[in-house]
Amino acid sequence: MTTNDILKQRNRIISNIKQHRLRDAFKELKSLSEGAMTWEIGDEIVRIEDAYKLMLQYATQGADDPARNSLYENIVTDLYTLIDRVVRQKLITKEPTLYYNTLRYEQLQQAESITNLLNNYITAIDKNSLYNLISSENNDKKDYAKEKEQLEHRIFNRIWVTFPIKNDDEEAIQHAITSDSIPSYFKQLLVSALLIGLFEFFDEKRLLLLFTAYQSTEQEVSAKALIAILLTMHIYNNRINTPKLLNHFNSIKELPTWTSDVKTAYIEMVRTRDTERISRKMQNELIPEMLKLRPDLYKKLNDSTAMIDMSSIEENPEWEEMLKNSGITDKIKELNKLQEDGSDVFMSTFSHLKSFPFFSEITNWFMPFSLENRLVCDTLGSDLAIVGNIIDSAPYLCDSDKYSFLLSLGSIPQQQRQMMILQFEQQREALNEAGITLASTTRPGQRKNIINKYIQDLYRFFKLFRRKGEFNDPFKKPINLVNIPLITADIDDEETLTIVAEFYFQRKYFEDALNVFLSILEKTPAEPQYLQKTGYCYHQLGDIENALKYYEQAELLNADSLWTLRRIGACYRQLNQPEKALKYYERIESTNPDDLNTAMNIGHCHLEMGNYQEAIKFYYKVEFLDEKSTKAWRPLAWSFLLSCDYIQSNKYYEKILADNPSHEDFLNMGHLALAQGKFTDAIAWYKKSINNNDDNIDAFIESLHNDEKYLKTINIDISIIPFIIDSILYSFD
């Protein structure tokens, strides 16, 4: 049985559960488990199915059972867990993924349970205590630190691949999360291990432990647990329904920080939608422009060594002008604004620094940056006190990027290393002058920063880890927490939804923006701006009829909006209803008679309606209002052609041909020659159209046939068209 077969059968079982066909689900599960299940799983399947049969018996006899719904939910929950256990058991011998490789290794270490490993870790902490370190030899100190870090990796891996977590291990993890003697960074690592395990299989105990972690008084532990809870609910929306989970969830919802935390987390998760766009902007716009500018900068510098200090550019107004003229200044300002708003502007920069061997180990992607870490100590050496604190307090770097920066420091020459350190120290001083101190646990916005940076750490893991394809990426699609019933009420207020909708809208993610604007319109009285933007989203997505529907609703609330009238006119034109479009453009013209675009659109409407003389009047108006513009030339040339005024048509086509002609212009010149009976000239123009078209000759033939309806209006016998086409084809032989 292949992996694909196993997963297909699992999906069939889940489909049966969702359709409330548990009998079929049990039957499929028994079939799936044959030949791979342990006696424990087999006994569990029988026990749970017997409980379900008993419940059915009572239900079909009409017995009153107030606990029936609760019992049913528990059976469904147990059934889901059994499916996961069977699938896991079937895949463990054949899957080459990192998860199953780690699982196979851990199964060989049966004596080292999570509880035993955590007890060993507590002992290792004691060995690393200040008193013991003072009284120990230097080699012993290194050994103690190494032992502690090895245990951290072992515990992370063991928790990650353990499923389901047993009661004793649950108690041990809970004790570690709540203990004052366990360092905060390790508790954060435990949260990540619980979460990464949940990406493989749902486990109620993991989520209960995350609920405990969220109630921690330690900011980092609590904030990261929040993200883990929300991502779990996003992935397993239909499985957070057991009485035990709901009771604990309702308890944390009573905490005063819950609603504001969820809103903050939701907005920060939404920001991940923009990460790849920002990375492309860095790679395709800012960096290439700076590279192109380098030779000019060298020419301006008398001392080539000064190129090392980029901050000196700011001191020379001439160089500033160069940056401004190149467009780099505006791009940097935009990126700075995005950075201030919390957007991830460093993804592109640090993605190239994730190839260090350090990042081959999954645990290191979630390891909080700590000055106690051996890598940090060994890399910085005597600079640990100064540089370590600078990196640790860098406000815009997530933990993963801090390690990337640290590793890059260790691999560059001393002079450049000192320059980088100096830049970070200057940034820290600037922040201190502004009154921003990240070390303060009560600093407003610190919780938001922790949430933001943890999401960035997760995003980097799922996008950059060398074996990322083996993991279910929660950021593959937009994360819409509004769709989770248990937390909808916390984030469906108009203010939060508007922030999210505007974020998507401003960055042109129109499908995402549309969904949120529709949610806003369901919950609040219709306002013109929401209706306009909903219509605009539909318009950008190509749904013209729905766009028109919302534009017209906006018009009812604000009939004077010229923007709305223009959009309605555009929709009617796209729906091939120029008569209706014309009415809206004429309303705009009555308010703003000298607007070029309005005159042009009125001309287009008349042209599409066959009112060629009226169209010509408005195209002349455009030409009169802006003598330097050439935008009216083509519609004038075409209108004159269709009205059989070949002299005027030729006059404008000659202007076009002298300016910047397209293959379409040569095609129309062929039509003009054909209308005048100049067949040789027509064929010459048509051949020129083909030669100037990047597409093949079939595109020309299609265009010629599409224009037959126009050729009929100027009394051209279209039966000649096939002969013209064959004549042209022969000429290319």
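Only this structure's heavy atoms are used, side chains among them; waters, hydrogens and symmetry mates stay out. In what follows, residues are counted from 1 in the order of the sequence shown.
- Figure legend: Arg85 and Phe163 shown without cation-pi pairing, the cationic atom not lying both under 6.0 angstrom from the six-membered ring centre and within 45 degrees of its axis.
- In this structure, Asp493 does not pair ionically with Lys523, as no charged nitrogen and carboxylate oxygen lie closer than 4.0 Å.
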Please lay out, stage by stage, how Asp473 and Lys468 fare under the test side-chain contact (heavy atoms from CB on, under 4.5 Å). CA-CA 8 Å; Asp473 181 2; Lys468 59 182 181 292; over 6 Å; no
Go through it in stages, so that I can follow the logic: the residues are Gln188 and Ser184, the test is side chain to side chain donor-acceptor pair (under 3.5 Å), and I'd like the CA-CA distance, side-chain angles, deciding distance and then a yes or no. CA-CA 6 Å; Gln188 297 169 51; Ser184 176; 3.1 Å; yes
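- Taking a cutoff of 4.0 Å between a charged side-chain nitrogen and a carboxylate oxygen, Arg154 and Glu112 qualify as a salt bridge.
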Go through it in stages, so that I can follow the logic: the residues are Lys166 and Ser113, the test is side-chain contact (heavy atoms from CB on, under 4.5 Å), and I'd like the CA-CA distance, side-chain angles, deciding distance and then a yes or no. CA-CA 10 Å; Lys166 296 178 181 178; Ser113 66; over 6 Å; no
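- When Asp399, Asp261, Asp457 are each tested for a salt bridge (charged side-chain N to carboxylate O under 4.0 Å, His left out) with Lys224, only one passes: Asp399.
- Between Lys402 and Leu397, the shortest heavy-atom contact is CE-O, 3.3 Å.
- Thr77 and Asn74 form no side-chain donor-acceptor contact under 3.5 Å, judged by distance and modelled atom types alone.
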Where do Tyr530 and Thr498 land on the side chain to side chain donor-acceptor pair (under 3.5 Å) test, with the steps shown first? CA-CA 9 Å; Tyr530 294 145; Thr498 301; 3.1 Å; yes
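- The minimum heavy-atom distance linking Val482 with Thr488 is given by the pair O-OG1, 2.8 Å.
- Proximity of the aromatic rings of Phe510 and His539 is defined here by a centroid distance below 6.0 angstrom, and this criterion is not met.
- Under the 6.0 Å cut-off for aromatic ring centres, Phe186 and Tyr121 qualify, their centroids lying closer than that.
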Report the C-alpha distance between Gln456 and Ser400 in whole Å, list the side-chain angles of each, state the deciding distance to 0.1 Å, and finish with yes or no for side chain to side chain donor-acceptor pair (under 3.5 Å). CA-CA 8 Å; Gln456 290 182 10; Ser400 172; over 6 Å; no
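- At least one side-chain heavy atom of Leu486 sits under 4.5 Å from a side-chain heavy atom of Met233.
- For Arg239 and Asp203, the salt-bridge test fails: no basic side-chain N is under 4.0 Å from an acidic carboxylate O.
- With a 6.0 Å cutoff to the six-membered ring centre and a 45° limit on the axis angle, Lys533 does not count as a cation-pi contact of Tyr536.
- Taking CG of Leu32 as the start and CD1 of Ile83 as the end, the distance is 8.5 Å to the nearest 0.5 Å.
- Note on Asp401 versus Lys354: salt bridge recorded, some NZ/NE/NH1/NH2 to OD/OE distance being below 4.0 Å.
- Aromatic ring orientation, Phe156 versus Phe366: parallel (interplanar angle below 30°, classes split at 30° and 60°).
- Checking Glu95 against Thr97 by side-chain atom types alone, no donor-acceptor pair falls below 3.5 Å.
- Geometrically, Arg507 engages Phe503 in a cation-pi contact, judged by NZ or CZ lying under 6.0 Å from the ring centre and within 45° of the ring axis.
- Across every non-hydrogen atom of Ala228 and Val191, the tightest pair is CB-CG1, 4.2 Å.
- By the 30° and 60° cut-offs, the orientation of the rings of Tyr504 relative to Tyr509 is perpendicular.
- Side-chain contact annotation: Thr257 with Arg447, donor-acceptor N/O pair under 3.5 Å absent.
- With ring centers used as reference points, Phe358 lies 6.0 Å or more from Trp365.
- Here the options are Phe201, Tyr99, Tyr105, the test is ring pair (Phe, Tyr, Trp, His ring centres under 6.0 Å), and the partner is Trp160; only Tyr99 passes.
- By the 4.5 Å heavy-atom criterion applied to side chains, Lys187 and Ser216 are not counted as neighbours.
- Within the 4.5 Å cutoff, the side chain of Ile227 has heavy atoms near those of the Met269 side chain.
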Let me see the working for Asn480 and Tyr266 under side-chain contact (heavy atoms from CB on, under 4.5 Å), right down to the final yes or no. CA-CA 8 Å; Asn480 191 1; Tyr266 179 35; 3.0 Å; yes
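- Considering only heavy atoms from C-beta on, Ile362 comes within 4.5 Å of Asn157 through its side chain.
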Candidate pair Phe199 and Phe462, rule ring pair (Phe, Tyr, Trp, His ring centres under 6.0 Å), full reasoning: CA-CA 11 Å; Phe199 282 119; Phe462 286 106; 5.0 Å; yes
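- Taking the six-membered ring for Trp and the full ring otherwise, Phe369 and Tyr403 have centroids separated by under 6.0 Å.
- Between Lys205 and Asp169, none of the side-chain N atoms (NZ, or NE/NH1/NH2) sits under 4.0 Å from a carboxylate O, so this pair counts as no salt bridge.
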